[in-house]
Each structure stands twice: as C-alpha cells, then as structure tokens.
Amino acid sequence: MRVFVTGATGALGRYLVPGLVAAGHEVTATTRTPGKVAQLRQAGAEPVVVDGLDREGVIAAVKSAAPEVIVHEMTALAGLRSLRNPDKTFAATNELRTRGTDNLLAAAGQAGTRRVIAQGYAGAGPDRRSGPLKTEEDPPDWRPIRSAVQGPAAIAYVEKTVPAEAPEGLVLRYGGFYGPGASDFLLEMLRKRQVPVIGGGTGVWSFIEITDAAAATIAAVEHGAPGLYNVVDDDPAPVAEWLPYLAKVAGAKPPLRVPAWLGRLLAGEFVVSQMTTSRGFSNEKARKELSWEPRYASWREGFRAWVSG
Ligand SMILES: NC(=O)c1ccc[n+]([C@@H]2O[C@H](COP(=O)([O-])OP(=O)(O)OC[C@H]3O[C@@H](n4cnc5c(N)ncnc54)[C@H](OP(=O)(O)O)[C@@H]3O)[C@@H](O)[C@H]2O)c1
C-alpha cells in the first residue's frame, strides 16, 4: 500500500518507516527539516519537506503522494523536562493534535485516502482515582487541573474526530514509550536521582517498548476495524514498583521517596497525580483485533534490554 507517514523522524517514526518498507509498503515520509531528507531516503521512504500546520502544504503533499493510508505521529516533545505547567509544555503538541489532525483529515478527503491512523495516549494521566484498567470504552476522563486543560482536550479531540471523519479512522493510544531513542531523558534523570517516588507511588502506568509500538502501528496500517486501540504491554504497574526497578537496572541509586505535599512543591500537581492516581490500560482489544502482540510483554524484560542496549 501507499502509506504517508508524518512525524517520520521521531522516536516512533524511526522504526515505523523501515518497518513499513520491509513489509512491502511504499512510504512517503515527512519532515520539516531539509537536513533530515537523506535519513528518510536511507530508510527507504520518499521524503517530503512540509510543516504539519501548513494546511495547503499538507494537502498538496498528500494529494501528490495519493496514499491509501496516512499515519499521524507528529508531536513536539523532544527536550521535554518539566511538567509543572503542562499546557505550556505541550502547547505545540496540542496544536499538532488539533490543527495538525484537521489538516491531515482534509488532505485525506481530497486525496481519497481510506485509512487515517493517529497517535493517542495511554500513558500516565491525572486520573480521578486509581482503579480498574481502562479499556477503549473508557474515555481519558482526567481530573481537571488548572495547568493541564488543553492536553486532555487535544487528546479527546483526536479520539473523537479521527474515527468520525476518516472513512477508516483509528487512534492508537500508546503507553509510555521506552527503548532505544525513546525517553532517554528518564534514564538520565534517574541516574541523577531527580525522579522521586511521590506519595507512595500508587499511580499505575502502562508502557510500550518503542519497536513494539511501531509493530502495532504497522499492524493497524494493514488491518483492524476503525476505532480506538490501547497499545500497551501486558503489565501495568504502580510507580512504586517500576521506578525503583528501572533505577536498579540502570545502575542508579534507589529513587528518593517524598510525600505528596513536597511533590506538589517540587514537580506540580500534574506529576503528583501521575504518580498517585493514574490508571493503567488493557491491551486485550489490540492483541485480538490487530493480531499484534508485544515482543516485550512486560517492562521488566523491556527495561533490561533498553538499558543494556
Ligand atoms: N506515549 C508516549 O510516551 C510518547 C509519545 C510521543 C513521544 N514520546 C517521547 O517524547 C520524546 C520526544 O519524541 P520524538 O523523539 O518523537 O520527538 P518530537 O519532537 O516529539 O517529534 C516527533 C516528530 O514530529 C515531527 N514534528 C514536530 N513538529 C512538527 C510540525 N510542526 N510539522 C510536522 N512534523 C512535526 C518531527 O519531525 P521533524 O522534526 O523532522 O520535522 C518528528 O518526526 C521521546 O523520548 C519519546 O519517547 C512519548
């Protein structure tokens, strides 16, 4: 199939593009940076330089490639450090999730593209309280936090708009990425003991190794009914379990433990919620309907491979 990949140079795109090419697809891949064209060509794609927020540019690029499938992996998360003010930190990503999505859907309409796959989110959020795993029937439903209003709205926008407006719209809610080239900042911060377990670490996180996320995306290019899919591993776990484990395999000292009030002062309300009330996600639907299974069923073996790789 002809597949148009945006965000092709990102943490996920770097594995997705060669994976699609190896599976026999004809890939057009975007970047905003002419200097990255060679790397896309080397991965086997036809490169296009375009900004996802340039509506006319996006429409022209998609019409020229005439893809059967569009994959939206545009985010602006590189260099992310503080989550004290999420709406500020994620402003550009939120724009890509709203206006960037609209541009791709308009382009799909004009080019006659059948399937549009967009990046959703099954990572840690400020859930109202810990509880059972979320299925695709469960909306993100985060607790409103004054500094984090636009992010949840942008994610909800993708979940609503893509399945409603594309002939076949799929949203892949990825768990927290880790693996080669993904979330390396977390390892750095852990080694500096800058990531404490806050308030008992009862928040449950779902992870997905980055090449497993790419494999699920390739599966979604090829089959699966329209709708939402949780792309996470089999082992959602509380912060109090996975964080000390990652520190250990990374050769760092055990993370510090701080009470919630101090966590609020140090990192802000959003992070405290992620660490105390976040809920995990079930991957039952993705396993069944995408005929996909994660190579790393648990972050336990995945983290070890990441750190030793
Ligand atoms: N669920 C999760 O946990 C999750 C999800 C996403 C990312 N992350 C993490 O966030 C970190 C950074 O992610 P990343 O390396 O993928 O970098 P990133 O800066 O988020 O960029 C991702 C992709 O989006 C493209 N992009 C950004 N702005 C664009 C725009 N205006 N128009 C078109 N394309 C645009 C970039 O392309 P060009 O720069 O080539 O134009 C790049 O290919 C990683 O550690 C990753 O693991 C986590």
Side-chain angles (χ1 to χ4, degrees), residues 4-17 27-43 45 47-59 61-62 70-83 86 89-104 107 118-125 140 151 154-155 158 171-190 205-214 216-217 229-233 236 242 274 278 280-281 283 299 302-303 306:
F4 189 93
V5 179
T6 63
T9 61
L12 178 64
R14 261 178 299 209
Y15 297 100
L16 177 60
V17 170
V27 179
T28 303
T30 74
T31 177
R32 289 161 303 166
T33 316
K36 294 184 186 169
V37 157
Q39 109 191 29
L40 291 175
R41 193 163 278 133
Q42 205 173 6
V48 180
V49 176
V50 68
D51 189 312
L53 299 176
D54 166 9
R55 188 175 174 91
E56 295 315 313
V58 168
I59 290 174
V62 172
I70 292 175
V71 187
H72 176 354
E73 301 290 356
M74 298 182 290
T75 53
L77 298 167
L80 179 149
R81 283 290 182 275
S82 165
L83 286 180
T89 307
F90 295 129
T93 295
N94 294 338
E95 189 83 358
L96 289 164
R97 291 195 156 130
T98 51
R99 214 145 59 81
T101 299
D102 285 346
N103 292 347
L104 286 173
Q119 176 171 151
Y121 183 76
I155 290 163
V158 173
V171 177
L172 303 183
R173 291 167 157 182
Y174 301 109
F177 287 157
Y178 72 89
S183 304
D184 289 333
F185 66 93
L186 182 59
L187 288 181
E188 258 170 63
M189 290 174 71
L190 262 179
W205 291 36
S206 278
F207 287 99
I208 190 70
E209 196 271 340
I210 194 74
T211 63
D212 277 334
T217 312
Y229 293 88
N230 298 338
V231 176
V232 296
D233 72 13
W242 70 259
Q274 286 183 309
S278 178
F281 289 78
N283 66 9
W299 45 270
F303 283 178
W306 175 26

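The structure presented is a predicted model; accordingly, all values stated were derived computationally and were not measured. Start at 1 and go down the list; that is how both ligands and their atoms are numbered.
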Heavy-atom check, side chain of L83 versus side chain of Q274, under 4.5 Å: yes
Does any part of the side chain of F4, heavy atoms only, come nearer than 4.5 Å to the side chain of T30, both counted from C-beta? yes
Tell me, which protein residue and heavy-atom name are nearest atom 6 (C) of ligand 1, and how many Å apart are they? Q119 OE1, 3.2 Å
Taking all atoms of both residues into account, what is the closest heavy-atom pair of P140 and R173, and its distance? CD-NH2, 4.0 Å
Report, in ascending order of atom number, the atoms of ligand 1 lying under 4.0 Å from any heavy atom of G52. 30 (C), 32 (N), 33 (C)
Where does the angle between the aromatic ring planes of F207 and F303 fall among parallel (under 30°), tilted (30 to 60°) and perpendicular (over 60°)? perpendicular
Taking the side chain as everything from C-beta on, heavy atoms only, tell me whether R97 gets closer than 4.5 Å to I155. yes
Heavy atoms only: give me the nearest R32-V50 pair and the separation to one decimal. CG-O, 3.6 Å
Return the closest protein heavy atom for atom 30 (C) of ligand 1 as residue, atom name and distance. R32 CD, 3.3 Å
May I have the step-by-step check of side chain to side chain contact (heavy atoms under 4.5 Å, CB included) for F90 and L77, ending in yes or no? CA-CA 7 Å; F90 295 129; L77 298 167; 3.5 Å; yes
Ligand 1-proximal atoms of K36, by part, heavy-atom distance under 4.0 Å: side chain
Check if A76 has a non-hydrogen atom at a distance under 4.0 Å from any atom of ligand 1. yes
Output the list of atoms in ligand 1 that are nearer than 4.0 Å to some heavy atom of G176, sorted by atom number. 3 (O)
State whether the shortest distance between N or O atoms of Y121 and N or O atoms of ligand 1 falls below 3.5 angstrom. no
Taking only non-hydrogen atoms of T31 and a 4.0 Å limit, the atoms of ligand 1 in range are 38 (P), 40 (O), 41 (O)
Which atoms of ligand 1 have any heavy atom of D51 under 4.0 Å away? 30 (C), 31 (N), 32 (N)
Ligand 1 atoms nearer than 4.0 angstrom to some heavy atom of A8 are 43 (O)
If you have a sec, work out which protein heavy atom is nearest atom 1 (N) of ligand 1 and how many Å separate them, to one decimal? G175 O, 3.1 Å
Taking the minimum heavy-atom distance to atom 27 (C) of ligand 1, which of V49, L53, L12, T75 ranks first? T75
Numbered atoms of ligand 1 (with element) below 4.0 Å of A182, judged on heavy atoms: 45 (O), 47 (O)
Would you say the side chain of I59 lies within less than 4.5 Å of the side chain of N103, judging by non-hydrogen atoms? no
Going by the order shown, which atoms of ligand 1 are within less than 4.0 Å of some heavy atom of L77? 6 (C), 7 (C), 8 (N), 10 (O), 12 (C), 18 (P), 19 (O), 20 (O)
Regarding T217 and Y15, do their side chains bring together a donor and an acceptor under 3.5 Å, going by distance alone? no
Check ligand 1 against Y174 and write out every atom of the ligand that is under 4.0 Å from a heavy-atom position of the residue. 1 (N)
Checking the N or O distance criterion of under 3.5 Å, is ligand 1 in contact with A78? yes
May I ask you to identify the nearest protein heavy atom to atom 37 (O) of ligand 1, giving residue, atom name and distance to one decimal place in Å? T9 OG1, 3.2 Å
I want to confirm something. Looking only at heavy atoms, which of A11, S183, G7 is nearest to atom 14 (P) of ligand 1? A11
Any idea which heavy atoms bring G179 and W306 closest together, and the distance? O-NE1, 3.0 Å
Test your reading of the structure: does F177 have an N or O sitting under 3.5 Å from an N or O of ligand 1? yes
Of the side chain and backbone of T30, name the one, both, or neither that has a heavy atom under 4.0 Å from an atom of ligand 1. neither
